[in-house]
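Below: one structure, written as structure tokens.
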Amino acid sequence: MSTTVDTTIDTPLLPAGTWTVDPVHSQVAFAIAYHVGTFRGSFAPVAARLEVGADGEAKLSGSASVSGVKVQDENLAAHLQAPDFFDAERTPEIAFASTAIRPSGDELEIAGELTIKGTTLPVTATGRVGEQRTYMDRPYFGLELRAAIDRTAFGLLWNNPLPNGEPALADEVSITAELFLTRA
Amino acid sequence: MRILAIAGSLRRESHNRRLLLAAAELLPPGADFELFADLKAVPPYDEDDDLVPAPAAVARLRTAIAGADALLVATPEYNSSIPGQLKNALDWASRPLATSVLRNKPVAVIGASTGAFGAVWSQAELRKVLAAAGARVLDVELAVGHAAERFDELGRLADESLREQLQETIDALLAATQPRAIAVAA
């Protein structure tokens, strides 16, 4: 039996080159069930870098500012930055670094490590690659990532019980990253 | 290093004030200790009065918190919760919520009561209130039950185990004031 393992990562969906993010047209957003509704917000600014080799091997890394969290109420934004949640004073960013990127049907499966509040855990995101265009000889394209995480695993434990004993805020958070990538 | 101490009860012979003074004796050299003396003068919170300049006692409270590296709050327990005047003072201190002097402030909560349980329910409620205000609330608890029998004639905690717990609480509070670098993966 052969012990050779083929580690070539084939990602034909991603164009070769080094790509950096346009922060104005990119965002990292979250959505979490709250009572009967959904609490949404986003982190800004976003930094990201995608490197795709000629062999298709790809690596994505990025970060987003917790200090720049945006929600629809300034007091809730302040609460999110407090030690109760992200502790922006001590951990001002969340960060992601891919460990493996591979095709999954028409989309990508992006395995990596997500760091929130000083805790790094593996996470797998689904990626959708947009159409590539070119302006003034500079190619650009969109990449959208989706992942679901358990916030309590990262130490974001705040909750408030409702009168029926159910927690007001869900543990599962969906995260989306919409990246506008331009060839560096 | 400056520690601001707030006792949740107002009476002259307050066990919680004695507990804070006992804590002051355990501070290392170079750490300043201030016992906030104006809690009774803080008016009832009224948004109509929450103006610039703030009422004098409120301004003193906010200035004292802003100038402190950490807070040590000792609370009794009234009807399973914190005394109204302590909650009222924290409500004033927490405004405006997004930029208040309590935001990111390291706080340790301790408590004394004449009952057996040492204000543990009140301490839990106080930690919740302070966290909601954005403070850096330490995950510690010091419950001094049967408080009337716990202090010697010099005001120290007579019980060795309680004294050690108080020392650990103070050490944790001092440590929380130090910047702590957390690596963020790139």
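Numbers restart at 1 for each chain; the letters A, B, ... are given by sequence-line order, proteins then strands.
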Legend entry - B:E160, CD: over 12 other non-hydrogen atoms inside 6.0 angstrom: yes
Inset, instruction - Could you tell me whether B:F33 atom CZ has more than 12 heavy atoms of other residues or ligands within 6.0 Å of it? - result: yes
Legend entry - Counterpart residues, side-chain hydrogen bond (donor to acceptor under 3.5 Å, both in side chains), relative to A:S26 (two or more places apart): none
Inset, instruction - Find out if a path of hydrophobic residues (ILVMFWY) with successive side-chain heavy-atom gaps under 4.5 Å connects B:L27 to B:L35. - result: yes
Legend entry - Where B:N104 and A:P83 come nearest, the two heavy atoms and their spacing: OD1-CD, 3.5 Å
Legend entry - Residue pair B:A98 / A:N75: nearest heavy atoms and the distance that separates them: N-OD1, 3.5 Å
Legend entry - Heavy-atom check, side chain of A:H79 versus side chain of B:L97, under 4.5 Å: no
Legend entry - Residue pair A:N160, B:K128: steps toward the side chain to side chain contact (heavy atoms under 4.5 Å, CB included) verdict: CA-CA 10 Å; A:N160 241 355; B:K128 175 182 156 186; 4.1 Å; yes
Inset, instruction - Could you look at B:A135 and say if it's the side chain, the backbone, both or neither that has a heavy atom under 4.5 Å from chain A? - result: backbone
Inset, instruction - Taking only Lys NZ, Arg NE, NH1 and NH2, and the carboxylate oxygens of Asp or Glu, determine whether B:R103 and A:E89 approach each other closer than 4.0 Å. - result: no
Legend entry - By ring pair (Phe, Tyr, Trp, His ring centres under 6.0 Å) - contacts of A:F154 (at least two apart): none
